[in-house]
Structure formats: C-alpha cells, structure tokens
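Some notes on the structure that comes next.
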Amino acid sequence: MSDKYDVIVIGAGPGGYVAAIKAAQLGLKTACVESWTAEDGKSQVLGGTCLNVGCIPSKALLEVTHKFEEASHDYESMGIMAKGVEIDVAKMMERKAGIVKQLTGGIGGLFKANGVTSIHGHGKLLAGRKVEVTDKDGKTKTYEADNVILASGSKPIEIPPAPFDGDYIVDSEGALEFTEVPKRLGVIGAGVIGLELGSVWARLGAEVTILEAQDTFLPVVDQQIAKDSLKHFKKQGLNIITGARMTGAEVKRKLVYVNYEDSKGKQEVKFDKLIVAVGRRPYTDGLLSEDSGVKLDERGFIFVDDNCKTEAPGVWAVGDIVRGPMLAHKASEEGVMVAERIAGHKPQVNYDCIPNVIYTAPEVAWVGKTEEQLKAEGEEYNVGTFPFAANGRAMAANSTGGMVKIIADAKTDRILGFHVVGPQASEIVAQGVIAMEFGSSAEDLALTCFAHPTLSESVHEAALAVAGGAIHIANRRKKK
C-alpha cells in the first residue's frame with residue numbers, strides 16, 4: 001500500500017519548497033521530493049539551483065568583489081587611503097559556502113515547522129497522480145497524491161562547439177568554484193549570467209572577453225538602458241563583442257582556444273578558462289512516465305494554462321519548466337498560486353509585473369514594456385528619465401552612473417514600463433512593480449512624497465519628467 005498525501009511536490013527549489021510550505025500552511029498533508037545529494041553521498045540538499053549554485057552564491061561573490069573593487073579603486077577619491085588591498089579567493093569561497101549552507105539548512109527547518117514531509121530521491125510522475133521515488137541506492141517506493149506539483153527546475157545549456165570538461169570549459173556552476181583568478185577569462189553569452197560572472201572575475205583582475213552571438217546587446221532590455229549599461233561595462237574593462245558566433249573550442253597546452261566569426265571574419269582567441277553561459281533549459285530528465293498525461297511543448301517546456309495546470313487532472317507545474325522567464329521569484333509566486341488554488345482559493349500571478357534584474361555594478365532592473373516593444377505595437381506613450389548624476393544621495397555614495405526611466409500611456413498616463421540602471425536598481429525597481437500592480441499613473445508617483453536625500457527621489461523626478469515637470473534637471477521642450 002502506497003503512502004497517500006494531499007499534495008506531493010517534486011523539486012525543492014524556489015518554486016517547489018515554497019509551494020510545499022504554502023500547501024502545508026493551508027492544512028494540506030504535503031510531501032516534497034528532492035534528489036539533490038550532498039558531497040557526502042548521503043544527506044539531502046534543499047534549495048535547488050538558486051540557493052546552491054545560482055542566485056545566492058553568485059550574489060555572495062558579486063558583493064565581495066564589488067567591495068574589493070571599491071576599496072582598490074574608488075575609496076581614494078572619497079578620502080579613504082587603502083593601500084595594498086588583497087583578495088583571499090579561498091576565504092571568499094568559504095564565506096559563499098557558509099551562506100549557502102545556512103540558507104539551505106533553513107529550508108529543512110521550515111519544512112519541520114510547517115509539517116512538510118521531506119523525501120530524498122528522484123521523483124517520477126506516473127499515471128493517476130502517483131509518484132515513484134528512487135533513492136540513492138536504487139530502491140523505489142510509490143506514493144499517491146490528490147495533487148502533484150512539478151517543480152524540477154532547469155540546467156545550463158551545453159553547446160556542441162564547447163562541451164563542458166569541468167576544468168577549462170565550465171558552465172555557470174563551475175564558474176562559481178574557481179580556486180584562483182584566471183588571467184584570461186572567456187565568457188560565451190552576454191546575458192544576465194554571463195555579465196554577472198564576467199564582472200566577478202574582472203573585478204579580481206582577470207582579462208574578461210564576452211562573446212555574444214546576437215548583434216544587439218541585451219535585446220530584451222530597453223535599448224536606452226542597455227546602451228547606457230554597455231558604456232559602464234566597457235569602462236570597467238569588460239571586452240564585450242556582439243555578433244560573435246562561436247564555431248569551436250579546443251583545450252591545448254592548458255589553454256582554451258576559441259574560434260568565432262564576426263563582421264571582420266574568422267577570429268581566434270585563447271583563454272585560461274571559458275565559461276559557457278548561453279542560457280538554461282527545462283530539467284525534465286526522468287520526470288515523466290509515458291502515460292503520465294503531461295505534455296511537453298516544442299521547446300521542452302511542460303505545457304500549462306495561465307494557472308499552471310497541466311493537461312493531466314490534478315497535476316500542476318511551476319518555475320523554469322513552464323513558460324515565462326526563468327526567475328526564482330516567478331517560480332515562488334507560481335508555487336504559492338498553485339497551493340492556494342489546490343486549497344480552493346482563486347489567486348493569479350500577474351505576469352506583466354514580474355521584475356528582472358542583472359546584479360552587476362551598476363545594476364540593471366526593469367519591469368513592464370520597453371520603448372521598442374511599444375513602438376512595434378503602435379502604442380502612443382510618454383517617457384520620463386532622470387539621471388543619478390543629478391541625485392544628491394548618489395553623489396554622496398560615489399555612484400552616479402545610470403538613470404531611472406518611466407514609460408506611460410500617452411492617453412491614460414498609466415505606467416507601462418519602469419527601467420533602471422544604477423545603484424540599488426534591484427531595490428528601486430520594486431517601486432515600479434508596486435505602482436504597476438496597483439495600476440498607477442505616472443502622475444500618481446509624481447504626487448507622492450519621497451524622502452530626501454534618497455536614490456528613490458530619482459523615481460519621483462522621472463515620474464515628473466513624463467509630463468515635462470522634473471525639478472532638478474532641464475526638461476525637454478514639448479513639441480508645439
């Protein structure tokens with residue numbers, strides 16, 4: 001006789017563990033299956049890619065290296081003399097591992113506090129909402145559930161010209177484990193992951209070259225913001241080459257020889273390490289039996305409706321294995337929505353208000369539509385921008401690069417897009433998310449009192465600028 005649950009979640013990443021906790025809080029008997037095993041080969045690891053080899057460890061390294069960069073190059077202009085600043089890579093990595101351990105261990109505590117049963121093994125969905133779990137010794141056990149939530153996440157994409165070897169050619173996970181700073185570092189892909197990892201090692205002294213196949217830098221980002229970002233990244237020493245299509249990579253004499261083609265023809269460059277960061281793909285290996293009733297689309301994502309229901313009754317899917325951006329916070333919101341729907345409530349995720357962030361310095365963050373999207377759709381709009389160079393708090397913090405940009409509907413003044421490049425953009429963008437979630441107009445923000453001096457005053461000024469009424473910069477003359 002198999003064990004029976006109200007809800008079984010497969011995957012303990014940000015989508016899965018959040019769904020499990022929420023379901024338990026709603027009074028549902030819940031279990032969460034996770035196959036990730038620690039290096040000891042015995043204990044279970046919770047948190048998925050984000051907490052273990054993604055969001056959290058990368059931000060730990062970004063924070064340390066940013067402080068190192070400031071101490072090495074920026075403090076003197078502020079009157080702080082810090083001579084001979086050095087970095088201890090081993091200690092930096094030890095600190096990163098400590099943060100990861102604390103957070104992942106915390107999930108286990110939350111499971112216990114909320115009554116979630118944690119099952120260690122590889123989960124596979126069978127027909128009839130049954131879940132087969134294979135443990136580390138190969139033994140299987142079958143569980144039953146009224147509802148199953150699939151949350152198995154994603155994995156790095158490996159490309160034929162540059163297969164991973166775990167040493168010289170690595171994925172994003174391998175790039176978080178370097179034991180020393182490479183002299184010459186190559187990165188394939190100038191997306192979020194490529195820019196963040198490139199920044200980490202460039203700050204520590206690596207000569208970083210980023211090869212991007214697309215001709216446009218950050219095509220999903222508002223291009224005024226993207227161009228301003230590119231200017232800052234190049235000033236920091238990142239050699240970003242767009243329109244560079246890699247044709248091959250070979251390790252010879254402890255060096256990686258990379259061949260690519262650009263507008264100038266065939267090129268060859270050599271690196272000490274090569275990071276391949278061209279994106280991620282849904283991780284559904286061994287997740288579904290043929291008769292599970294769950295279907296994949298042409299890109300390998302699990303097909304779901306707007307509320308994350310699959311075509312199999314009582315089976316749901318969230319996070320990186322379904323449509324939409326591969327973002328931890330999007331996965332968590334979907335997990336909460338699904339748990340509440342199983343409990344009989346009717347919440348929805350507003351996919352128009354999901355923020356995106358690149359944690360470089362300056363940070364890049366946005367929510368909503370870009371100017372390019374609105375132009376393509378034929379929408380009429382107004383734009384307000386305000387540079388951090390005119391913001392007193394940014395000056396005091398020695399972080400004046402970038403701007404806030406607000407795009408509003410020309411007729412209704414409703415905010416359609418909110419874009420930031422600059423200090424603490426990841427925090428500032430939340431103001432845009434909240435405003436858009438409540439259907440605010442640019443005038444609503446313009447009439448709101450912001451504390452002085454703060455970086456957020458730039459949001460206020462950008463909102464004022466939408467109607468040509470910014471106070472601390474000269475406004476564009478309106479066309480007669």
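The figures that follow rest on heavy atoms only: side chains count, while hydrogens, waters and symmetry mates do not.
- Judged by distance alone, with hydrogens and angles left aside, the side-chain atoms of T242 form no donor-acceptor pair with the main-chain N or O of F217 at under 3.5 Å.
- Applying the 6.0 Å contact sphere to CG of N350 captures more than 12 heavy atoms from other residues, nucleotides or ligands.
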Can you check side-chain contact (heavy atoms from CB on, under 4.5 Å) on L218 and I358, steps first, answer last?
CA-CA 11 Å; L218 292 177; I358 305 175; 4.0 Å; yes
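- With sequence neighbours excluded, no residue forms a side-chain hydrogen bond (donor to acceptor under 3.5 Å, both in side chains) with T448.
- Residues passing the side chain to side chain contact (heavy atoms under 4.5 Å, CB included) test with R393 are N391, P453, L455, sequence neighbours excluded.
- Distance CD1/I10 to OG1/T284: 12.0 Å, rounded to 0.5 Å.
- Summarising the geometry of L238 relative to S199, their closest heavy-atom pair is CD1-OG, 3.9 Å, with the distance given to 0.1 Å.
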Donor-acceptor pairs under 3.5 Å, side chain of residues 46-60 to any protein atom, not counting sequence neighbours: which ones?
from, atom 1, to, atom 2, distance (Å)
T49, OG1, R280, NH2, 3.4
N52, ND2, L46, O, 3.1
N52, ND2, G48, O, 2.9
S58, OG, G54, O, 2.8
S58, OG, C55, O, 3.0
K59, NZ, C55, O, 3.4
K59, NZ, E196, OE1, 3.1

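- Under the side chain to side chain contact (heavy atoms under 4.5 Å, CB included) rule, V338 has a single partner from L150, I149, V304, N307, which is I149.
- Across I406 and V459, no two heavy atoms sit closer than the pair CD1-O, 3.7 Å.
- Contact detail for V208 and G198: the closest heavy-atom pair is CG2-O, 3.6 Å.
- Nearest heavy-atom pair, A394 versus F388, reported as atom, atom and distance to 0.1 Å: CB-O, 3.4 Å.
- Residues V315 and R129 are in side-chain contact: their nearest non-hydrogen atoms beyond the backbone lie under 4.5 Å apart.
- Rounding to the nearest 0.5 angstrom, the gap separating the CG atom in D171 from the CD atom in E158 is 8.0 Å.
- For the residue pair S35 and H120, the shortest heavy atom distance occurs at O-NE2, 3.7 Å.
- The main-chain N or O of A470 is found under 3.5 Å from a side-chain atom of N475 such that the two form a donor-acceptor pair.
- For residues 317-332, the pairs satisfying side chain to side chain donor-acceptor pair (under 3.5 Å) are S154-D320, R323-E334, R323-Y351, K330-E334, with sequence neighbours left out.
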Verify side-chain contact (heavy atoms from CB on, under 4.5 Å) between L327 and V357, making sure each step is shown before the conclusion.
CA-CA 10 Å; L327 298 169; V357 182; over 6 Å; no
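- No more than 12 heavy atoms of other residues, nucleotides or ligands sit less than 6.0 Å from atom CD of Q102.
- Rounding to the nearest 0.5 Å gives a distance of 9.5 Å between CG of D146 and CD1 of I8.
- By the 4.5 Å heavy-atom criterion applied to side chains, V221 and S229 are not counted as neighbours.
- The structure places OG1 of T216 at 11.0 Å from CG of L230, a figure rounded to the nearest 0.5 Å.
- Partners of D444 under the side-chain hydrogen bond (donor to acceptor under 3.5 Å, both in side chains) rule, at least two apart in sequence or in another chain, are S441.
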Show, in sequence, the C-alpha distance, side-chain angles and deciding distance for T310 and K295, and conclude whether the side-chain contact (heavy atoms from CB on, under 4.5 Å) test is met.
CA-CA 8 Å; T310 73; K295 295 183 179 180; over 6 Å; no
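- Rounded to the nearest 0.5 angstrom, E34 CD and S152 OG are separated by 9.5 Å.
- In this structure, H460 and F450 have parallel ring planes: the angle between them is below the 30° cut-off, well short of the 60° mark.
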K369/E377 under salt bridge (Lys or Arg N to Asp or Glu O under 4.0 Å): CA gap, chis, key distance, verdict
CA-CA 11 Å; K369 295 187 176 181; E377 295 169 3; 2.9 Å; yes
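- The main-chain N or O of A410 is never found under 3.5 Å from a side-chain atom of E380 such that the two would form a donor-acceptor pair.
- Partners of K227 by salt bridge (charged side-chain N to carboxylate O under 4.0 Å, His left out), not counting sequence neighbours: none found.
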Would you be so kind as to tabulate the donor-acceptor pairs closer than 3.5 Å made by side chains of residues 423-437, with sequence neighbours excluded?
from, atom 1, to, atom 2, distance (Å)
S426, OG, E363, OE1, 2.8
S426, OG, E363, OE2, 3.4
Q431, NE2, S456, OG, 2.6

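- In this view, A97 satisfies the side chain to side chain contact (heavy atoms under 4.5 Å, CB included) rule with no residue, not counting sequence neighbours.
- Checking side-chain atoms of H232 against main-chain N and O of G401 turns up no donor-acceptor pair under 3.5 Å.
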Worked check of side-chain contact (heavy atoms from CB on, under 4.5 Å) between L61 and M92
CA-CA 7 Å; L61 298 186; M92 177 179 74; 3.7 Å; yes
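- Take E177 and apply the salt bridge (charged side-chain N to carboxylate O under 4.0 Å, His left out) test, not counting sequence neighbours, and it matches K96.
- In this structure, the side chains of F386 and L464 stay at 4.5 Å or more apart for every pair of heavy atoms.
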Got a list of side-chain donor-acceptor pairs under 3.5 Å for residues 14-31, not counting sequence neighbours?
from, atom 1, to, atom 2, distance (Å)
Q25, NE2, N114, OD1, 3.4
K29, NZ, K4, O, 3.0
T30, OG1, L28, O, 2.9

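- Side-chain N or O atoms of T370 include one that pairs as donor or acceptor with a backbone N or O of Q373 at under 3.5 Å.
- In this view, K405 and D222, Q224, E371 satisfy the side-chain hydrogen bond (donor to acceptor under 3.5 Å, both in side chains) rule, not counting sequence neighbours.
- For K346, the side chain to side chain contact (heavy atoms under 4.5 Å, CB included) criterion is met by R341, not counting sequence neighbours.
- Formation of a donor-acceptor pair under 3.5 Å by the S289 side chain with backbone atoms of L125 is found in this model.
- In this structure a side-chain-to-backbone donor-acceptor pair under 3.5 Å is present from R245 to G243.
- Here the shortest heavy-atom pairing between A389 and M395 reads O-CE, 2.8 Å.
- H472 NE2: 12 or fewer foreign heavy atoms inside a 6.0 Å radius.
- For the atom pair CZ of F68 and CZ of R203, the computed distance is 11.5 Å after rounding to the nearest 0.5 Å.
- Remark: side-chain polar atoms of R281 are not paired, donor with acceptor, to backbone N or O of I157 under 3.5 angstrom.
- The closest side-chain heavy-atom distance from V33 to Y143 is not below 4.5 Å.
- The 12-atom threshold is exceeded at CD of E69, counting heavy atoms of other residues, nucleotides or ligands nearer than 6.0 Å.
- Panel note: side chain E379, backbone D409; no donor-acceptor pair is recorded below 3.5 Å.
- Not one N or O on the side chain of D228 forms a donor-acceptor pair closer than 3.5 Å with the backbone of M403.
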